[in-house]
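A quick write-up on the structure given underneath.
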Amino acid sequence: MENRQNFSSSFANRGAILVFAALVLVSSYFGLFSLAVFFMFLTLLFSVSYFWGQRALKDVVISVEAPNRSGFVGERIPAVFRIENRKFLPVIWLELLFAWGRQECVEPEEDFTRAWHQDQTGEAFYSVWKRKFAWILWHEQLEWETWFRAVRRGIFFLEELIALSGDGFGLCIRRKKYPLWNPPVFVVYPRLQEVDPEPLLRQMYDVDLGGRGIYEDPTLLKSIRDYQYGDPVKGINWRMLARQNQVQVNVYERVQPRASFFLLDLGSFSREVEDEERHELRRECREEELEEMLSILGSLFVSLLERGMACGLGLPFQEMGPGEPESKKRDLVREQTTGSEEGEEKKSRRWSAGTFFPPSSAEGWEHRLLSALAGISYGGEQTYFDSAQLLEKRRSLGQVYVVVESPESMTCPEFLHRWGDTGVTLLTRKAGESFGWPVLDLDRVRREAAK
């Protein structure tokens, strides 16, 4: 694991330089001129290294410009990096670093290489992208474009850059952080699949195959137009035909059917495994099954919204573990001090905030839903839904779909019993005992799309 900042010499500091200078005087006093010359050389060497290293990153400005982009796996995002040396002394060498991010959803296609870097405490290593530079002259500016490629679902915040530099001998190395005042955000949606939402539409709205979830209300006449080949006969305005002998058809208002709301039961995508080191059971996420379900769910959002159908999403609260990042604890943590139905053992636990998007089909709603899926980070923690909020808004949610890994692993049966068996369907890839609720197998949705 390479870490240049540990290569700094212990002699390239003020204390060591003063000691060598004193040794020069002592050697000269006793007539040891050869030894005095040697100590003089070391004094000059470490003095120059210390002086140069201290000023290596002074007046060096590093920035990056990149659009806040969102897209699917495989898409490319441009970013422009700039390094400007605003002082008279040249920069002999420089290493530019930035951390991967927790989800590692994007990576540079060129210029940068992956490496390991040690934090300031010297106790832990983390993965970074690194690029090296040599001889950035006085008042010189470097600018280049790097393309980032989306490799998996997630959200990447490029919050800061890190620079390492020093003297030409590598005796004095300095590290400096460059926070970005407008950090770019890269949102990578779940992978799209070929899905056919007609089973959902038939179940929710009793429309014929091909109705696409939108129907015309015959009681709301919008306009009248000339007959065109292929128009249904039932749409002909017979009164206009009898009066003016013109074949025209009625155009009715297109009515959006009831909304659909998806509850993602993250807890059902966990399993118990034995921790060999601690000799105890712990829960971990079924990552492959969860990623596959998020891919299908995101594809359904895209398909249903294209048909003008309102969609909503609900994500549960997650228990915060000791390994969670501080930013997530600061921004998303709440104390669970109420909710007697959840049990006394949940009091005083720390929970990350759940997500509630009421059904809508407004402009930009697809981005909000897919971004919520992209930001899911689950490692097997305990979860629960805010039942009071959901029951209060029950009438406005429309048809509710509970997305589970399997009916047997579902973690919210008590909440669903309070909801009732009306308007609730389990979406799963593993059909099993449903405890009274209808089950829709998503594999059947994909098979229909492939025919």
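Contact between Pro184 and Ala66 at its shortest, heavy atoms only, is CB-O, 3.6 Å. Heavy atoms only, all atoms of each residue included: Val404 and Phe269 are closest at C-CZ, 3.8 Å. Across all their heavy atoms, Ser165 and Ala56 have their closest contact at OG-CB, 3.6 Å. Counting all heavy atoms, side chain and backbone alike, Ala374 lies closest to Val188 at CB-O, 3.2 Å.
Judged by distance alone, the side chain of Asp111 and the main-chain N or O of Thr146 form no donor-acceptor pair under 3.5 Å. Side-chain atoms of Ser303 do not come within 3.5 Å of backbone N or O of Ser299 as any donor-acceptor pair. Between the side chain of Arg149 and the backbone N or O of Glu75, no donor-acceptor pair lies under 3.5 Å. Judged by distance alone, the side chain of Glu366 and the main-chain N or O of Gly364 form no donor-acceptor pair under 3.5 Å. Judged purely by atom type and a 3.5 angstrom limit, Asn85 uses its side chain to pair as donor or acceptor with the backbone of Ile136.
Side-chain contact between Thr355 and Leu264: absent, with no pair of heavy atoms (C-beta onward) separated by less than 4.5 Å. Contact annotation: the side chain of Leu97 never approaches that of Trp129 to less than 4.5 Å [non-hydrogen atoms, C-beta and beyond]. In this structure, the side chains of Arg86 and Val60 stay at 4.5 Å or more apart for every pair of heavy atoms. The shortest side-chain heavy-atom distance between Leu305 and Leu369 falls under the 4.5 Å cut-off. Considering only heavy atoms from C-beta on, Glu160 stays 4.5 Å or farther from Tyr178 through its side chain. For the pair Ile77 and Trp147, the minimum side-chain heavy-atom distance is 4.5 Å or more. Counting heavy atoms from C-beta on, the side chains of Arg175 and Ile173 never come closer than 4.5 Å.
For the residue pair Ser127 and Arg114, a side-chain donor N or O sits within less than 3.5 Å of a side-chain acceptor on the partner. Side-chain polar atoms of Ser70 and Tyr189 form a donor-acceptor pair below 3.5 angstrom. Under 3.5 Å, the side chains of Ser295 and Gln193 contain a donor-acceptor pair of N or O atoms. In summary, the side chains of Asp226 and Gln248 do present a donor paired with an acceptor at a separation below 3.5 Å, with no hydrogens or angles considered. Between the side chains of Gln54 and Arg174, at least one donor N or O lies within less than 3.5 Å of an accepting N or O.
The aromatic rings of Phe81 and Phe98 lie parallel to each other, with less than 30° between the two planes, well short of the 60° mark. Relative orientation of the Phe156 and Phe186 rings is tilted, given thresholds of 30° and 60° on the angle between their planes.
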Q: Decide yes or no on salt bridge (charged side-chain N to carboxylate O under 4.0 Å, His left out) for Arg152 and Glu107, but give the supporting numbers first.
A: CA-CA 10 Å; Arg152 58 167 296 171; Glu107 62 182 24; over 6 Å; no

Q: Tell me, with the steps shown, if Glu109 and Arg76 meet salt bridge (charged side-chain N to carboxylate O under 4.0 Å, His left out).
A: CA-CA 9 Å; Glu109 292 185 340; Arg76 302 167 72 236; 3.1 Å; yes

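Legend: residues meeting salt bridge (charged side-chain N to carboxylate O under 4.0 Å, His left out) with Glu287, ordered by chain and number and at least two apart, are absent. For Arg283, the side chain to side chain donor-acceptor pair (under 3.5 Å) criterion is met by Ser270, not counting sequence neighbours.
Taking the ring axis of Trp144 as reference, the NZ or CZ atom of Arg82 does not stay both within 45° of it and closer than 6.0 Å to the ring centre.
Outside the 6.0 Å centre-distance limit, the rings of Phe261 and Phe357 are not counted as a close aromatic pair.
Screening Arg286, Arg153, Arg191 for a side-chain contact (heavy atoms from CB on, under 4.5 Å) involving Glu291 leaves a single residue, Arg153. Considering Tyr384, Tyr378, Phe356 in turn, Tyr384 is the only one that fulfils the ring pair (Phe, Tyr, Trp, His ring centres under 6.0 Å) rule with Phe317.
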